[in-house]
2 protein chains.
Amino acid sequence: MRLVVASCAARYTGRLSAHLPRATRLLVVKADGSVLLHSDGGSYKPLNWMSPPCTLVVGEPDDESRAAGVTAVWTVQHQKSDDRLEIELFEVLHDSAHDLGVDPGLVKDGVEAHLQALLAAQIGLLGSGHVLVRREYPTAIGPVDILAKDPTGGSVAVEIKRRGDIDGVEQLTRYLELLNRDPLLAPVRGVFAAQEIKPQARVLATDRGIACLTLDYDAMRGVDDVDSRLF
Amino acid sequence: MRLVVASCAARYTGRLSAHLPRATRLLVVKADGSVLLHSDGGSYKPLNWMSPPCTLVVGEPDDESRAAGVTAVWTVQHQKSDDRLEIELFEVLHDSAHDLGVDPGLVKDGVEAHLQALLAAQIGLLGSGHVLVRREYPTAIGPVDILAKDPTGGSVAVEIKRRGDIDGVEQLTRYLELLNRDPLLAPVRGVFAAQEIKPQARVLATDRGIACLTLDYDAMRGVDDVDSRLF
DNA sequence: CGCTATATTTCGGGC
DNA sequence: GCCCGAAGTATAGCG
């Protein structure tokens, strides 16, 4: 990994065209050739970058650029597309290289899966008398998060999201369409369950006769600690 | 901006829980206090990070950690949530600080908004005699990019994408379903307009009676320079 | 390899 | 400020 802090200007052409006026920035060249241009704020997203696989060529400025103070020109060309990032370096304040080796990567644990386990354990949240049929009930287009039976014996399909968006309602709608073709299950009601349901998603769900259920993660954790069943 | 290259391990708790086993990484501390942990590959996304506003506290390791080789402990706490990133530093290979100043930021052009402005200005591309009703026509589930009238007085809803994918057809379908319930508008025809329409999207659109319109960005810019109205 | 769904998404625009 | 959609989205899981 090479770290350069320099006054620079950049131009990107590819999916879009964009340019960066001259300013002092951090340039990171990773082992795979990818390049990041970071400012001293914003977020984890660089101002501009080139994703691997790509090739960095360090060149000399032409006379005009040199006269304008450019000391080097970096051309980063993507290997599979026309994406190209051109960086003009002016004053270089820092330049160092480091051997980092391979990274074992981030180890994370689930949230949506956790919500699913909690709701399965507290299936009564769907309404008194509900019974769990199974989690990850398989269909031709993918598993439904939860399938349950209500007290009258009717089927209930539940789609669980951390954040309930329109996409989730669409997903549940597709499942319901398929499940309702199964004479052993039909009619199947739909329940859209999420920690937070966006207004538009609620409108769409209601419009399609799908019930919305807001899940209180902390309250559900308090009722029954199912963490051990997940891991 | 502070740059540290060090062998380190990290633990994040917040929206999720995750940890990073010990390895050599780049740690970037930005002027706003945010921290990025980068490996020597992957992409522009860090392995782990803390977004601003947050506070970095550098502390001493306890005896047990010190015995294990930890030389410093960084605690990065988000100021508005419980998000917390804890980093244990072992061997430090590099440590430097740099004053970058304020960045003017990225200047980009040529996006969906631009296509929308161009098509609104050249609404005749939908067919001779079409008239613009309005851009961003509101519905309960979000605004339709363009609503127009055809020469017979019929309504036309247009969804614009840079790349026409199935998602866009689904989105337009939802809008059409809602718009067609409005007796003042119905029947509403749909037009799916994009610089490039994927074959699958075209098939789905055609199947649903939605017309496809391929937009020639350069040609549209040539006809009428509306850049000044956008920027 | 392609498609699908998620993300500690981030970012920008409209209201 | 919130809400919502787009992103040069990136990334992981599956078929």
Side-chain angles (χ1 to χ4, degrees), chain A residues 12-18 34-37 41-52 54 76 78 80-85 105-113 138 140-143 145 159-168 170-172 174 194 196-203, chain B residues 10-20 34-37 41-52 54 76 78 80-85 105-106 108-116 135-136 138-145 159-163 165-168 171 198 200 230:
Chain A
Y12 165 78
T13 54
R15 314 286 186 95
L16 57 71
S17 297
S34 60
V35 176
L36 318 183
L37 260 112
S43 73
Y44 70 68
K45 194 174 183 180
L47 289 165
N48 219 324
W49 71 95
M50 184 61 70
S51 306
C54 63
V76 192
H78 197 269
K80 294 185 177 178
S81 71
D82 293 332
D83 288 31
R84 171 192 288 253
L85 178 61
L106 188 70
V107 182
K108 56 173 83 173
D109 68 45
V111 173
E112 189 183 318
I141 55 169
D145 288 338
E159 177 64 33
I160 301 172
K161 295 287 176 199
R162 200 162 51 75
R163 287 178 189 174
D165 219 330
I166 276 186
D167 287 354
E170 293 286 11
Q171 196 179 341
L172 178 54
R174 290 195 294 270
E196 175 196 350
I197 298 178
K198 298 270 175 75
Q200 295 188 339
R202 191 179 292 275
V203 168
Chain B
R11 179 166 294 278
Y12 166 79
T13 54
R15 314 280 187 97
L16 57 71
S17 297
H19 72 272
L20 279 169
S34 59
V35 176
L36 317 183
L37 262 98
S43 77
Y44 68 67
K45 194 174 182 179
L47 290 165
N48 218 324
W49 71 93
M50 184 61 70
S51 305
C54 63
V76 191
H78 197 269
K80 294 185 177 178
S81 72
D82 292 332
D83 288 31
R84 173 191 287 253
L85 178 61
L106 188 70
K108 56 172 83 173
D109 90 13
V111 278
E112 187 183 319
H114 203 174
L115 281 172
Q116 190 190 107
R135 290 163 60 180
E136 303 287 348
T139 79
I141 57 170
V144 179
D145 287 338
E159 176 64 33
I160 300 171
K161 294 286 175 197
R162 203 161 45 74
R163 288 178 186 177
D165 220 331
I166 278 187
D167 287 355
Q171 196 179 340
K198 299 267 176 77
Q200 295 183 338
L230 255 182

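Here is the naming used below: chain letters follow the sequence lines, and residue numbers restart at 1 for every chain.
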For this session: Report the residue (Tyr12(A) or Ile166(A)) whose heavy-atom-nearest nucleotide on DNA chain D is the more 5′ of the two.
Result: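 Result: Ile166(A).
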
Atom-pair distance ([atom1] on [X]; [atom2] on [N]), nearest Å:
| X | N | atom1 | atom2 | answer |
| --- | --- | --- | --- | --- |
| Leu47(A) | dT9(D) | CG | C1' | 16 Å |
| Leu16(A) | dA6(D) | CG | C1' | 12 Å |
| Glu159(B) | dA6(D) | CD | P | 7 Å |
| Gln171(A) | dT4(C) | CD | P | 12 Å |
| His78(A) | dT9(D) | NE2 | C1' | 14 Å |

Exercise. Is a side-chain donor or acceptor of Asp145(B) paired with a backbone partner of Ile160(B) at a separation under 3.5 angstrom?
Worked result: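 Yes; at least one donor-acceptor contact below 3.5 Å.
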
Exercise. Met50(B) near the nucleic acid: base, sugar-phosphate alone, or nothing, with a heavy-atom cut-off under 4.0 Å?
Worked result: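 The residue Met50(B) makes no contact with any strand.
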
For this session: Select base, sugar-phosphate, or nothing to describe what Ser51(A) touches, counting heavy atoms under 4.0 Å on all strands.
Result: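 Contact class for Ser51(A): base.
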
Problem set entry | Pairwise 5' ranking along DNA chain C for Lys80(A) and Trp49(B), keeping only the more 5' one |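 Mapping each residue to its closest nucleotide by heavy atoms, the 5'-most match is Lys80(A).
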
Not counting sequence neighbours, which residues clear side-chain contact (heavy atoms from CB on, under 4.5 Å) with [X]? List them please.
| X | answer |
| --- | --- |
| Thr13(B) | Ser17(B), Arg84(B) |
| Pro52(B) | Asp32(B), Ser34(B) |
| Val144(B) | Tyr137(B), Thr139(B), Ala157(B), Tyr175(B), Leu179(B) |

Exercise. Do you know which two heavy atoms are closest between Val76(B) and Cys54(B), and how far apart they sit?
Worked result: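 Closest approach of Val76(B) to Cys54(B), heavy atoms only: CG1-SG, 3.8 Å.
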
Exercise. Would you say dC3(D) has OP1 or OP2 under 4.0 Å from some side-chain N or O of Arg202(A)?
Worked result: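 No, no such contact exists.
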
For this session: Would you give the length of the straight line joining atom CG of Leu37(B) to atom CE of Met50(B), rounded to the nearest 0.5 angstrom?
Result: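 Spacing of CG (Leu37(B)) from CE (Met50(B)) equals 10.5 Å.
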
What nitrogen or oxygen pairs link the protein and nucleotides 11-15 of chain C at under 3.5 Å?
residue, atom, partner, partner atom, Å
dC11(C), OP1, Ser43(A), OG, 2.9
dC11(C), OP2, Ser43(A), OG, 3.4

